[in-house]
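See structure below.
Computed from a prediction, not measured in an experiment: that's the story for all the values here. Every number for a ligand or one of its atoms is a count from 1 in the order of the listing.
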Amino acid sequence: TDHVEQLEFQAETHQLLELMIHSVYSNKDTFLRELISNASDALDKLRLESFRDKDLEVDTSDLRIELEVDRDSRVLTVRDNGIGMSRAEVVDLIGTLAKSGTAELRKQLLETKPDQAAEELIGQFGIGFYSTFMVADKVALTTRKAGETTGTRWESAAGSSTYTIEELDEAPQGTTVTLHLKPADEDDHLFDYTQEWKLREIVKKYSDFIAWPVRMDVTRTIMEGEGEEKTEKEITETQTLNSQKALWTRPKSEVSDEEYKEFYKHVSHAWDDPLEIIPMKAEGTFEYQALLFIPSHAPFDLFNREHKRGVQLYVRRVFIMDNCEELMPEYLRFVKGVVDAQDLSLNVSREILQQDRQIRAIRKRLVRKVLSTVKDMQGAASSEDGDKSKYDTFWQEFGRVLKEGLLNDQDNRETILGVSSFASTNSEEQLTTLAEYVERMQDGQNAIYYLTGESRQQIENSPHMEALRAKGLEVLILTDPVDEMWVGAVPEFDGKPFQSIAKGEVDLETEDEKKASEQLREQQEKEFADVLTWLRETLDEDVKEVRLTNRLTTSPACIVGDMYDFTPMLERMYRASGQ
Ligand code: ADP
Ligand code: MG
């Protein structure tokens, strides 16, 4: 067929590409890591599909990734015989790059730090396939999906706002990416990707653990014969460049930090380093190995309903599924990594997983391990020479999500309360733990006071604050939407109940003070009887009760919720969600 279609990139995609082509992103080598990572995913998917679909006619006997270099024409090819893509998938997956949130982030970065915008975007979002344009003027992709007869060719040039799509009558199954490399930089042969040693170095550094062989034909000169007869001879042999060792099966002591980090980038499609690396291994009844990561940035879609949980399930080194929800509760959806279980069937389905005792046991252990890792970070933060910034980063990025666990994970509630931090009236800048709050509680204070609201400022200005401020009592300032939910569900911490200062009667007085104020109250009730009656009659429709209070020091009046009423914020949330 000679049917070539020209299509426009989405505006957002084009803008990102432009940014990237002109960026000075220092680590151009990573384009190859991305291509190999994609090829590896495609091979995983093909193997899985061939298990699931016995009618699928594919040869899985030699699944592999191949690199090929043509030095004269400066063309580098990366080929896999994996699952491939249909035409629609090529347009969908390759034609769009804008993940949700990129648009806002790009705008924001361009405004605040235009010089580093590209660098930051790449760091936080990654650019996957498009990173090829850092090193190539023109990129072509040919692919045929397993089970389909026709193939698809995609092509685009660096800086172009369009790409072409063409149907191919014949194409090998899998995907071939062809890069027409930019002219070599005379001064910098370190970035010459037609050099065999360079490719070998990159694969070793970034993709050594990839489970599939990454092969390349290598030409060597050898000497043949003896003495006078000695002649030079060129031989070509196919070499496998990676060791293919699954990282999670290797003992911790033998794996370098760098290797763990590269693996993280592969499994989580991230471009930055993880905050924490958590290798795990369990023997006995339920044998499994796991390698989990806590990222250093929250993804933009963390609060999006469609956000996927990040743990992959393997069974005896064979990839089974992405986003295995059965292995991680929703409130730990930011955790990335792999779990390799020993005793599951390769045919295991979601339905089976939901019932599986082994999976439940593993999940329980993973959750405890992640929480104890957070606890360790917190411990390090409070020790003298510890790394304070790590826990702070964690809390800043994921605290709001972790607190969902206070509602949903009763078993670990104490632990989660323990590792949580809150803003409070104690300090403008520093967050406090509940333990620290309890430590500072005044004699006779028996509750942990809090107020929920939209912002610190709104809460600080609340009339409810006045009496507590006057008494020097500390109040937790809770401004995350999730706070509204958990404070209603969690009764206490360390034997101290949580008490909203906006609800019911807040008991702030000692016995003597009480007697005195009762007398005062009686006297005042008489004095203000007329006003109270008038207010009660006037507001009859709107309020349950009008009463005198000693809570206020400067405001004349305030509205108080009943102990079990919705707070104004919760009311708004319910209304917004149409309930
Ligand atoms: P990501 O890998 O983070 O999803 P990429 O830009 O690297 O982002 O790739 C986009 C998508 O294109 C992949 O998710 C995958 O579905 C598809 N894709 C890329 N390369 C291949 C390939 N070699 N074989 C099959 N599908 C691929
Ligand atoms: Mg990718």
Side-chain angles (χ1 to χ4, degrees), residues 9-10 12-14 16-17 20 29-50 58 60 63-68 76-102 121-136 139-148 151-156 163 165 171-179 206-207 210-212 214 262-272 295 297 299-301 306-308 310 312 319 321-323 336:
F9 281 116
Q10 284 184 331
E12 186 56 36
T13 305
H14 180 60
L16 267 176
L17 276 170
M20 200 192 57
D29 292 358
T30 45
F31 83 92
L32 189 57
R33 169 190 79 193
E34 293 301 310
L35 291 180
I36 291 175
S37 178
N38 286 350
S40 169
D41 289 347
L43 293 165
D44 285 341
K45 286 181 198 157
L46 181 70
R47 178 166 55 180
L48 191 64
E49 203 49 41
S50 72
V58 285
T60 54
L63 298 179
R64 63 186 184 265
I65 300 163
E66 289 168 326
L67 308 183
E68 202 179 287
L76 171 64
T77 305
V78 180
R79 184 182 302 123
D80 67 69
N81 55 350
I83 191 85
M85 283 174 272
S86 64
R87 182 189 187 281
E89 283 170 334
V90 173
V91 174
D92 252 29
L93 300 167
I94 302 295
T96 52
L97 155 96
K99 299 192 175 115
S100 63
T102 36
L121 263 179
I122 294 171
Q124 286 197 31
F125 274 99
I127 38 176
F129 174 78
Y130 285 106
S131 58
T132 48
F133 286 110
M134 295 192 295
V135 299
V139 178
L141 174 146
T142 315
T143 186
R144 180 167 65 81
K145 184 153 183 158
E148 295 189 356
T152 307
R153 183 183 153 86
W154 176 101
E155 189 182 296
S156 187
Y163 59 94
I165 286 272
Q173 178 225 304
T175 304
T176 303
V177 179
T178 310
L179 310 180
Y206 296 109
S207 313
I210 292 289
W212 309 101
V214 180
E262 289 310 328
F263 181 72
Y264 164 72
K265 289 172 191 173
H266 168 62
V267 286
S268 70
H269 299 225
W271 281 62
D272 54 356
H297 279 108
F300 261 72
D301 57 353
E306 275 101 74
H307 180 81
K308 304 251 169 59
Q312 294 183 336
F319 170 79
M321 66 177 75
D322 268 323
N323 314 308
K336 305 279 181 190

- Is S86 reaching over with its side chain to a backbone N or O of E89, donor-acceptor style, under 3.5 angstrom? yes
Next item on the list: Using atom types as modelled and distance alone, determine if a side-chain donor or acceptor of Q173 lies under 3.5 Å from a backbone N or O of G82.
Entry: yes
Quick note on ligand 1: atoms under 4.0 Å from a heavy atom of G128 include exactly 5 (P), 6 (O), 7 (O)
In ligand 1, the atoms that come under 4.0 Å of a heavy atom of F129 are 5 (P), 6 (O), 7 (O)
Test item: R153 and E155 side chains (from C-beta on) under 4.5 Å apart, heavy atoms = yes
Would you say that W212 contacts D44 through its side chain, given a criterion of any heavy-atom pair below 4.5 Å between the two side chains?
yes
Geometric N/O contact [X] with ligand 1, under 3.5 angstrom:
{"X": "A42", "value": "no"}
{"X": "H269", "value": "yes"}
{"X": "D80", "value": "yes"}
{"X": "D41", "value": "no"}

#### Entry: Under 2.8 Å: N/O/S of S37 next to the Mg ion (ligand 2)
no
Looking only at non-hydrogen atoms, the one of K145, H266, M85 nearest atom 18 (N) of ligand 1 is M85
Among N38, I36, I83, L93, the residue with a heavy atom nearest to atom 16 (O) of ligand 1 is L93
- Going by the angle between their ring planes, with limits at 30° and 60°, are F9 and H14 parallel, tilted or perpendicular? parallel
Exercise. Taking the inter-plane angle between the rings of H266 and F263 on a 0 to 90° scale, is it parallel (under 30°), tilted (30 to 60°) or perpendicular (over 60°)?
Worked result: tilted
Between A171 and G151, the two heavy atoms sitting closest are CB-CA, 4.2 Å
